[in-house]
Amino acid sequence: MDLRYSNFYIGGEWVRPATGRKIVPINASTEQPLGQVPEGTEADMDRAVAAARSAFDDPTGWASWEPARRADVMERLADAIDRRADGFVERVSAQNGMPVLVARQLETNYPSAVLRYYAGLARRLAVAETRDGVFGGSVEVRRLPVGVVAAIVPWNFPQVLTMYKLAPTMAAGCTLVVKPSPETVLDAYLLAEATEEAGVPNGVINIVPAGREAGAYLVSHPAVDKVAFTGSTAAGRAIAETCGRLLRPVTLELGGKSAAIVLDDADLDLTKIGQGLFTATLLNNGQTCFLGTRVLAPRSRYSEVVDAFTAFAGSLAVGDASDPTTQIGPMATARQRERVESYISKGRAEGARLTTGGGRPEGLDKGWFVQPTVFADVDNGATIAQEEIFGPVLSLIAYDDVDDAVRIANDSDFGLGGTVWTTDPERGAAVARRVHTGTIGINRYIPDPVGPFGGVKSSGLGRELGPEGLTAYQQIQTVYL
Ligand code: NAD
């Protein structure tokens, strides 16, 4: 693959960058360059924000359209994305190491499904409602688009996480500037091409790949009205500080360290639960924010759970992300592998028992691979149980009874996802409701577009998806009639 782009998609045109700076995306499986795109700078962000601003402020433009008319455009964009499914799979997988098996399920059909879901919501959107006043008269409540959105996305699910922001932005009648992460830029160009082909009005979607300095500039840009961010908790805190100072609405989807609670009645037959377990604990090489990487196991069945997870992790096919049989690809970057390996060293140093993995797979000399790794006998206070590793590393923690399991699950700075594994789904749901996280699943976990997704504590602020995810792009005006 050698894909070269020289312009940005801004205001419905292919615009020359302000400088000659370049981003060279690298194939995570082979360490070979994949092409070249321009790197956005402050001047490029100024142009993109200006285009989004003028599209939003146009009195007969996008924001003033009937929501159903916007929905038509959104559905055309979903179709244009679907037509590029193979391209999205190939580009995302090459750049960040996501196995094509996973990319085919999640980086094409899923984003277009989110877009169609929000197009459906837009068709039913009540933009104004009149209520009888308590003191007589009536009160009109209007839901207006919040304005120009700055959408900042990470590299791990670049299209899913872009769409979590873009779809409600469009449904609400806002316009946006997307800043993809430098590691995953080539898929963003496919999205730009789809946007152009679908006839999305000029300036509604603007895309400028750039690094964190240009991202920080975008967050504080005076013509931006709302910020939507997915990424690390550290960057989220910095962005929240800026938005706090500016009193600018912000949605933050940050890190996680979720618990997979295995109840004492769980079925550990991998032929039955293997796929669900994989998605909930190791999806995308462990580079997924919601994964249950703290596996809580009852003491009564502890060694059985250790054996099952050890066999499960040890059986996964590790290899080039483009190979359709690969289940675990490489880490997205050399830096990310270093981070994962340093946590594995900490796990060993803090006395956890390594039951499988712990090193680099044999025969894969190129690419940033790490073996799927399981640590048993982990104390919940250990570094590997408290900090987000963002790699294929599971920590198995023993618990005494359900109260103890819930206590351990909640003993975390994070609160994003989690799962409960049981043959009694009602019992599982009762346990799940005691866990302090934004989302949790019973015997499965995959964010459904109808359900708000997001975290509590250090996992973030606000929600994406569902009707609640749309309200984040609206402001309310009350008119006393
Ligand atoms: P990161 O926070 O370094 O970068 C994410 C994005 O933000 C990139 O586009 C980056 O250029 C930009 N950025 C970084 N600092 C910024 C700043 N101060 N101002 C503006 N933009 C800035 O994270 P990463 O390394 O790309 O991604 C991994 C992290 O993201 C993990 O911690 C993971 O848990 C988290 N994540 C969370 C979710 C979620 O939905 N909760 C989803 C994916 C990833």
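Counting only N and O atoms by type, the side chains of Lys165 and Thr230 include a donor and acceptor under 3.5 Å apart. Using modelled atom types, one finds no donor on one side chain facing an acceptor on the other under 3.5 Å when comparing Thr333 with Glu183. Side-chain contact of Thr422 with Asp424: a donor-acceptor pair under 3.5 Å is absent, judged by distance alone. Counted by atom type alone, Tyr302 and Asp377 present one or more donor-acceptor pairs between their side chains at under 3.5 Å. Looking only at atom types and distance, the side chain of Gln95 has a donor-acceptor partner in the side chain of Asp187 under 3.5 Å away. A donor and an acceptor atom, one from each side chain of Arg237 and Ser458, are located under 3.5 Å apart.
Other residues, nucleotides and ligands contribute only 12 or fewer heavy atoms inside 6.0 Å of the CZ atom of Arg444.
Nearest heavy-atom pair, Leu125 versus Gln474, reported as atom, atom and distance to 0.1 Å: CD1-NE2, 3.8 Å. Taking both residues in full, the closest heavy atoms of Ala103 and Ser93 are given as CB-CB, 4.5 Å, listed atom of the first, atom of the second, then distance. Of all non-hydrogen atoms in Pro452 and Thr439, the two that sit nearest each other are O-CG2, 3.8 Å. When all heavy atoms of Val219 and Val227 are compared, the pair lying nearest together is O-CG2, 3.9 Å. Scanning all heavy atoms of the two residues, the minimum distance from Leu106 to Pro111 falls at O-CD, 3.2 Å. Among all heavy-atom pairs drawn from Val456 and Arg463, the shortest one is CG1-NH2, 3.7 Å.
Judged by distance alone, with hydrogens and angles left aside, the side-chain atoms of Arg143 form no donor-acceptor pair with the main-chain N or O of Thr471 at under 3.5 Å. A distance-only check finds a donor-acceptor pair linking the side chain of Lys457 to the backbone of Ser412 [under 3.5 Å]. With Thr169 contributing its side chain and Thr175 its backbone, the two residues share no donor-acceptor pair below 3.5 Å. The backbone N or O of Glu341 lies less than 3.5 Å from a partner atom in the side chain of Ser345, making a donor-acceptor pair. Checked by atom type and distance alone, the side chain of Asn284 never pairs as donor or acceptor with a backbone atom of Phe157 at under 3.5 Å. In terms of modelled atom types and a separation under 3.5 Å, the side chain of Asp448 and the main chain of Gly451 share no donor-acceptor contact. Proximity of a side-chain donor or acceptor of Gln327 to a complementary backbone N or O of Ala317 within less than 3.5 Å is detected.
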Salt bridge (Lys or Arg N to Asp or Glu O under 4.0 Å) between Asp264 and Arg427, worked out: CA-CA 11 Å; Asp264 55 9; Arg427 181 177 176 227; 3.0 Å; yes
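Between Glu338 and Trp368, every side-chain heavy-atom pair lies at or beyond the 4.5 Å cut-off. The shortest side-chain heavy-atom distance between Leu161 and Pro154 falls under the 4.5 Å cut-off. Thr437 is not listed as a side-chain neighbour of Leu416, based on a closest heavy-atom distance of 4.5 Å or more. Using a 4.5 Å cut-off on side-chain heavy atoms (C-beta onward), Leu396 and Arg294 make no contact. Looking at heavy atoms from C-beta onward, Val370 lies in side-chain contact with Ile344 at the 4.5 angstrom threshold. Contact annotation: the side chain of Thr293 never approaches that of Val393 to less than 4.5 Å [non-hydrogen atoms, C-beta and beyond].
A salt bridge does not link Glu107 to Arg91: none of the charged side-chain nitrogens sits closer than 4.0 Å to a carboxylate oxygen. Ion pair Arg360/Asp365 not flagged as a salt bridge, since none of the NZ, NE, NH1 or NH2 atoms sits closer than 4.0 Å to an Asp/Glu carboxylate oxygen. Under the 4.0 Å criterion applied to side-chain N and carboxylate O atoms, Asp79 and Arg76 are not assigned as salt-bridge partners. A salt bridge is absent between Asp404 and Arg299; no separation between the charged side-chain nitrogens and carboxylate oxygens falls under 4.0 Å.
Pairs passing the ring-ring contact (aromatic ring centres under 6.0 Å, His included) check and including a residue from residues 372-414, sequence neighbours excluded, read Trp155-Phe390.
Here Leu34 contributes atom CG and Ile26 contributes atom CD1; the two are 7.0 Å apart, rounded to the nearest 0.5 Å. In this structure, Ile205 CD1 and Leu166 CG are separated by 4.0 Å, a value rounded to the nearest 0.5 Å. The distance from the CZ atom of Arg116 to the CG atom of Leu77 is 9.5 Å, given to the nearest 0.5 Å. To the nearest 0.5 Å, the span separating CE on Met331 from CG on Asn96 amounts to 10.0 Å. Atom OH of Tyr117 sits about 11.0 Å away from atom OH of Tyr110, to the nearest 0.5 Å. We find the OG1-CD1 distance between Thr419 and Ile273 to be 10.0 Å, quoted to the nearest 0.5 Å.
Looking at Val420, Leu263, Ile261 one by one, the single match for side-chain contact (heavy atoms from CB on, under 4.5 Å) with Val402 turns out to be Leu263.
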